[in-house]
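Beneath this line is the structure, given in structure tokens, with notes to follow.
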There are 2 protein chains.
Amino acid sequence: MIKLNDKEYTCPIDVSLSFVSGKWKILILAHLAQFEKRGFSEIRENLPGISEKMLSQQLKQLEKDHLISKSVLSLKPYRVEYRLTETGKSFSPLFSFLSNWGMDFLKKNGIDYLKDQQLYK
Amino acid sequence: MIKLNDKEYTCPIDVSLSFVSGKWKILILAHLAQFEKRGFSEIRENLPGISEKMLSQQLKQLEKDHLISKSVLSLKPYRVEYRLTETGKSFSPLFSFLSNWGMDFLKKNGIDYLKDQQLYK
DNA sequence: AATCGGGGTTACCATTTGGTAAGTTATTGA
DNA sequence: TCAATAACTTACCAAATGGTAACCCCGATT
């Protein structure tokens with residue numbers, strides 16, 4: 001067992017997973033990898049089905065883990081901006097692998113995601 | 001939204017994640033990627049903390065999703081062997097990325113996993 | 001004055017996930 | 001004969017996760 005910050009990990013993969021596991025984390029990170037900077041509602045609109053509570057929770061955890069950073073653009077009215085940190089960006093190969101794997105799988109099942117993308121509005 | 005087999009996915013990444021999300025799945029797959037073929041107890045011993053119930057559940061799901069295959073070597077006594085299918089093997093880049101990312105992170109935190117491995121018996 | 005949009009929080013509840021412990025069948029070794 | 005090992009299953013319970021809905025402030029638009 002590996003011990004770090006009072007937590008135990010069975011192996012390095014376990015360490016990595018502790019950052020990105022959670023129902024929406026990878027999806028949020030991948031979105032930010034694509035768009036550079038996004039507001040709360042922009043992220044929400046890109047993840048059909050996520051509730052504001054969930055989004056808020058996951059963003060907080062990602063921020064705590066230093067994978068994303070939040071800038072408050074103005075207090076009144078309250079406007080924010082989320083973006084990946086360097087640590088967050090270091091997961092990019094993960095997002096592209098998962099995205100490519102998923103597109104491959106879809107293709108084998110008769111769905112051409114890239115071609116049909118306009119259908120998924 | 002992408003529809004496949006009565007389920008909905010927000011994007012290709014979501015499709016990929018549906019196969020490998022779950023507390024122990026990636027760890028089990030990565031172990032099988034390393035060892036080719038393993039019995040039930042061999043896997044369990046490699047994942048400190050997993051219960052037999054969990055291992056049994058996760059193996060069943062992985063088998064149902066065709067990421068691993070199970071061979072029954074003998075009925076009396078009951079002996080089995082698990083290994084990755086070709087689909088399972090196609091996730092290998094994922095395992096190596098996560099493993100390398102984890103080792104990098106550990107190194108930045110003063111832990112040299114490769115060097116200290118013998119300590120983690 | 002009322003509504004919309006941005007960016008949230010809170011309370012409550014249901015579902016899912018995970019943990020513990022015990023039981024099962026069968027063989028091998030001391 | 002007793003214990004250990006392999007490969008599970010089952011029952012019961014606790015904790016974590018996730019969903020719904022309502023509520024908050026604030027400013028701009030209609």
Side-chain angles (χ1 to χ4, degrees), chain A residues 1 6-10 13-14 17-29 31-32 35-65 68-83, chain B residues 1 6-10 13-14 17-29 31-32 35-65 68-83:
Chain A
M1 287 293 232
D6 296 335
K7 283 173 195 162
E8 300 199 326
Y9 305 92
T10 69
I13 293 182
D14 205 14
L17 290 176
S18 73
F19 287 93
V20 295
S21 69
K23 197 180 176 188
W24 300 95
K25 280 188 188 170
I26 291 184
L27 262 22
I28 293 170
L29 293 170
H31 180 69
L32 290 175
F35 286 97
E36 198 76 26
K37 53 185 178 183
R38 300 301 264 176
F40 187 88
S41 298
E42 289 175 309
I43 302 173
R44 189 193 50 204
E45 277 152 33
N46 195 259
L47 302 178
I50 197 172
S51 68
E52 300 194 333
K53 177 186 123 184
M54 277 305 301
L55 180 53
S56 181
Q57 279 178 1
Q58 305 273 301
L59 287 170
K60 261 178 200 155
Q61 289 179 32
L62 290 170
E63 208 194 339
K64 207 185 70 193
D65 284 339
I68 64 173
S69 64
K70 172 182 181 176
S71 318
V72 176
L73 300 181
S74 85
L75 280 170
K76 297 187 176 188
Y78 191 59
R79 293 288 180 274
V80 298
E81 199 173 85
Y82 295 94
R83 55 177 78 209
Chain B
M1 290 291 233
D6 296 334
K7 283 175 193 157
E8 299 199 328
Y9 306 92
T10 71
I13 294 181
D14 205 14
L17 291 176
S18 73
F19 287 93
V20 296
S21 69
K23 197 179 175 188
W24 301 95
K25 280 189 189 171
I26 291 183
L27 262 23
I28 293 170
L29 292 171
H31 179 68
L32 290 176
F35 286 98
E36 199 76 26
K37 53 186 177 184
R38 300 299 266 175
F40 187 89
S41 297
E42 289 175 309
I43 302 174
R44 188 194 53 207
E45 277 152 32
N46 196 259
L47 302 178
I50 197 173
S51 68
E52 300 195 331
K53 178 186 122 183
M54 277 305 300
L55 179 53
S56 182
Q57 280 176 1
Q58 306 272 300
L59 287 171
K60 261 178 201 154
Q61 289 178 32
L62 290 170
E63 208 195 338
K64 206 184 68 192
D65 285 339
I68 65 172
S69 64
K70 172 183 181 178
S71 317
V72 177
L73 301 181
S74 84
L75 280 171
K76 298 188 176 188
Y78 191 60
R79 292 289 178 273
V80 298
E81 199 174 85
Y82 295 94
R83 56 178 78 208

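Sequence lines set the chain letters: A, B, ... in the order given, protein chains first and strands last, and positions in each chain run from 1.
- If you take CD of A/E45 and P of C/dG6, they are 6 Å apart, rounded to a whole angstrom.
- When every heavy atom of A/W24 is checked against every heavy atom of A/M54, the shortest pair comes out as CD1-CE, 3.5 Å.
- The side chain of A/R79 approaches C/dG6 more closely than any other nucleotide in the set D/dA7, D/dG27, C/dG6.
- Between the CD1 atom of A/I43 and the P atom of C/dG6 there is a distance of 13 Å, given to the nearest Å.
- Computed from coordinates, the B/I68 CD1 to D/dA7 P distance equals 13 Å when rounded to whole Å.
- Between B/K25 and B/F19 the shortest heavy-atom distance is CD-O, 3.5 Å.
- Annotation for B/M1 and B/E8: closest pair CE-OE1, 3.5 Å, computed over non-hydrogen atoms.
- Pairing each heavy atom of B/Y82 with each of B/G39, the nearest pair is CD1-C, 4.5 Å.
- Residue B/V80 has its side chain nearest to D/dC8 when only D/dC8, D/dG27, D/dA6 are considered.
- Scanning both residues, A/V80 and A/F40, for their nearest heavy atoms gives CG2-N, 4.4 Å.
- Neither OP1 nor OP2 of C/dG6 sits under 4.0 Å from any side-chain N or O of A/Y82.
- Nearest nucleotide to the side chain of A/K76, out of D/dC26, D/dG18, D/dC8: D/dC26.
- Rounded to an integer number of Å, the gap from A/L55 CG to C/dG7 P is 10 Å.
- The side chain of A/S41 places an N or O atom within less than 4.0 Å of a non-bridging phosphate oxygen (OP1 or OP2) of C/dG7.
- Here the P atom of nucleotide C/dG6 and the CZ atom of A/R44 are 7 Å apart, to the nearest Å.
- Contact annotation: B/K70 side-chain N/O to D/dA7 OP1/OP2 distance is not under 4.0 Å.
- Between A/L27 and B/L17, some side-chain heavy-atom pair lies under the 4.5 Å cut-off.
- Distance from the side chain of A/M54 is smallest to D/dG19 among C/dG19, C/dG6, D/dG19.
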Taking only N/O atoms, report every protein-nucleotides 9-12 of chain D pair under 3.5 Å with atom names and distance.
{"unit_1": "D/dT9", "atom_1": "OP1", "unit_2": "B/K60", "atom_2": "NZ", "d": "2.8"}
{"unit_1": "D/dT9", "atom_1": "OP2", "unit_2": "B/S56", "atom_2": "OG", "d": "2.5"}
{"unit_1": "D/dT9", "atom_1": "OP2", "unit_2": "B/K60", "atom_2": "NZ", "d": "3.1"}

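- Atom-to-atom, CD of A/Q61 to C1' of D/dT17 comes out at 11 Å; the value is rounded to the nearest Å.
- Residue A/K23 places none of its side-chain N or O atoms closer than 4.0 Å to OP1 or OP2 of C/dT17.
- For the pair A/L59 CG and C/dG7 C1', the interatomic distance rounds to 11 Å; values are reported in whole Å.
- A straight line from CD1 of B/I50 to C1' of C/dG19 spans 12 Å, rounded to a whole angstrom.
- Residue A/W24 is the one, among A/L75 and A/W24, whose nearest nucleotide of DNA chain D lies closer to the 5' end (criterion: closest heavy atom).
- Using a 4.5 Å heavy-atom threshold, the side chains of B/L32 and B/I43 count as touching.
- Across all their heavy atoms, A/V20 and A/I26 have their closest contact at O-CG1, 3.5 Å.
- Residue contacts for A/G22: at a heavy-atom cut-off of 4.0 Å it reaches no nucleic acid atom on any strand shown.
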